[in-house]
Amino acid sequence: MSTVLICRDALEDAVLGNIALARAMAQRGDDVALVFTGEALAALDKGTFRWSPNFKTRDARSTVIAAAEAGGLPLAHGDLDSRWSDVRALVRSTAEEENLRLVACPLWARFLDLDPELDHLDRIDEGQLIDLLKEADTVVGGY
């Protein structure tokens with residue numbers, strides 16, 4: 001694995017940024033793992049996402065969602081107005097990307113009693129997580 005990105009915040013903009021970077025790296029042929037941990041994993045499971053303070057206005061969110069969509073990142077909610085976002089669908093759609101692996105942190109998966117239906121995230125054990133981090137050329141926490 002060349003790069004591991006760690007996404008821990010349940011912020012829609014943080015997840016979008018991590019996915020955009022991971023996808024860009026993977027499209028260049030890099031092997032990338034995106035590890036969801038902490039509140040990001042909790043939000044993907046049964047929780048909620050929120051926007052950072054600078055993106056809380058409808059105009060700011062609409063601008064980000066439209067730009068993500070224009071860049072090929074399906075962030076707009078398919079069942080609602082396109083100004084609404086769907087981070088879970090974005091993550092699910094990324095699971096099919098070549099050279100990109102989405103991983104559920106095994107520590108937080110255990111702490112949260114993670115729903116087995118969250119099957120688009122790879123389930124690994126703690127030893128595999130340690131190996132993933134040790135073997136990475138680069139580890140980025142919280143892009």
Side-chain angles (χ1 to χ4, degrees), residues 1-27 30-136 138-143:
M1 189 63 50
S2 64
T3 304
V4 175
L5 300 172
I6 300 171
C7 186
R8 66 164 298 281
D9 297 320
L11 298 172
E12 294 197 30
D13 44 292
V15 174
L16 174 62
N18 274 285
I19 286 178
L21 178 60
R23 192 178 106 174
M25 295 173 80
Q27 288 175 344
D30 296 344
D31 289 325
V32 182
L34 178 52
V35 179
F36 291 94
T37 187
E39 68 176 26
L41 188 59
L44 282 171
D45 186 28
K46 300 173 194 84
T48 58
F49 288 95
R50 64 192 183 289
W51 287 91
S52 294
N54 287 323
F55 300 114
K56 282 190 176 185
T57 68
R58 167 61 66 200
D59 288 342
R61 290 190 314 252
S62 294
T63 299
V64 170
I65 293 166
E69 288 286 326
L73 293 163
L75 180 59
H77 199 293
D79 297 331
L80 300 174
D81 185 309
S82 64
R83 294 173 296 171
W84 289 94
S85 55
D86 186 348
V87 174
R88 286 181 184 88
L90 173 66
V91 172
R92 276 190 305 277
S93 74
T94 306
E96 303 301 318
E97 296 278 336
E98 192 171 329
N99 300 323
L100 177 54
R101 181 178 181 199
L102 302 180
V103 178
C105 172
L107 302 167
W108 278 97
R110 187 178 71 242
F111 296 157
L112 297 168
D113 190 25
L114 198 62
D115 186 344
E117 295 296 315
L118 208 59
D119 57 2
H120 54 280
L121 301 180
D122 287 347
R123 303 298 177 97
I124 60 176
D125 63 32
E126 291 173 26
Q128 291 169 307
L129 175 63
I130 292 166
D131 290 342
L132 181 70
L133 294 170
K134 287 175 72 173
E135 293 168 7
T138 306
V139 177
V140 179
Y143 175 75

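If you take CG on Asp122 and CG on Leu129, they are separated by 12.0 Å, rounding to the nearest 0.5 Å. The line from CG of Leu5 to CZ of Phe36 is 9.5 Å long, rounded to the nearest 0.5 Å. With rounding to the nearest 0.5 Å, the separation of CD in Glu12 from CG in Leu75 is 6.5 Å. The distance from the CG atom of Asp125 to the CG atom of Asp131 is 8.5 Å, given to the nearest 0.5 Å. Rounded to the nearest 0.5 angstrom, Leu121 CG and Leu34 CG are separated by 9.0 Å. To the nearest 0.5 Å, atom CG of residue Leu107 and atom CG of residue Leu112 are 10.5 Å apart.
Within the 4.5 Å cutoff, no side-chain heavy atoms of Asp13 are placed close to those of Val64. Proximity of Val35 to Leu133: side-chain heavy atoms (C-beta onward) are nowhere separated by under 4.5 Å. Side-chain contact between Val91 and Ile19 is present, with at least one heavy-atom pair separated by less than 4.5 Å. Side-chain contact check for Thr138 versus Met25: every heavy-atom pair is 4.5 Å or farther apart. For the pair Gln128/Val103, no side-chain contact is recorded, criterion being any heavy-atom separation below 4.5 Å from C-beta on. With contacts defined as side-chain heavy-atom distances shorter than 4.5 Å, the pair Leu118/Arg123 qualifies.
Identified under the salt bridge (Lys or Arg N to Asp or Glu O under 4.0 Å) test for residues 60-71, with sequence neighbours left out: none. Screening residues 43-53 for salt bridge (Lys or Arg N to Asp or Glu O under 4.0 Å), with sequence neighbours left out, gives Glu39-Arg50.
Ala26 and Asn99 make their closest contact through O-ND2, 3.1 Å (heavy atoms, listed as atom of the first residue, atom of the second, distance). What you find for Arg88 and Leu44 is that their closest heavy atoms are NE-O, 3.4 Å. For the residue pair Leu114 and Ala104, the shortest heavy atom distance occurs at CD2-CB, 3.9 Å. Heavy atoms only, all atoms of each residue included: Asp9 and Ala14 are closest at CB-CB, 4.3 Å. Considering every non-hydrogen atom in both Ala136 and Val4, the closest pair reads CB-CG2, 3.7 Å.
Although no hydrogens or angles enter the test, the distance criterion places no donor-acceptor pair under 3.5 Å between the side chain of Asp30 and the main chain of Val32. Panel note: side chain Ser52, backbone Phe55; no donor-acceptor pair is recorded below 3.5 Å. Distance alone, capped at 3.5 Å, places no donor-acceptor pair between the Asp86 side chain and the His77 backbone.
In this structure Ala95 satisfies the side-chain contact (heavy atoms from CB on, under 4.5 Å) test together with Leu102, His120, sequence neighbours excluded. For Glu97, the side-chain contact (heavy atoms from CB on, under 4.5 Å) partners at least two apart in sequence or on another chain are Arg23, Gln27, Thr94, Leu100. Not counting sequence neighbours, Ala67 has no partner by the side-chain contact (heavy atoms from CB on, under 4.5 Å) test. In terms of the ring pair (Phe, Tyr, Trp, His ring centres under 6.0 Å) criterion, Trp51 has no residue partners (sequence neighbours excluded).
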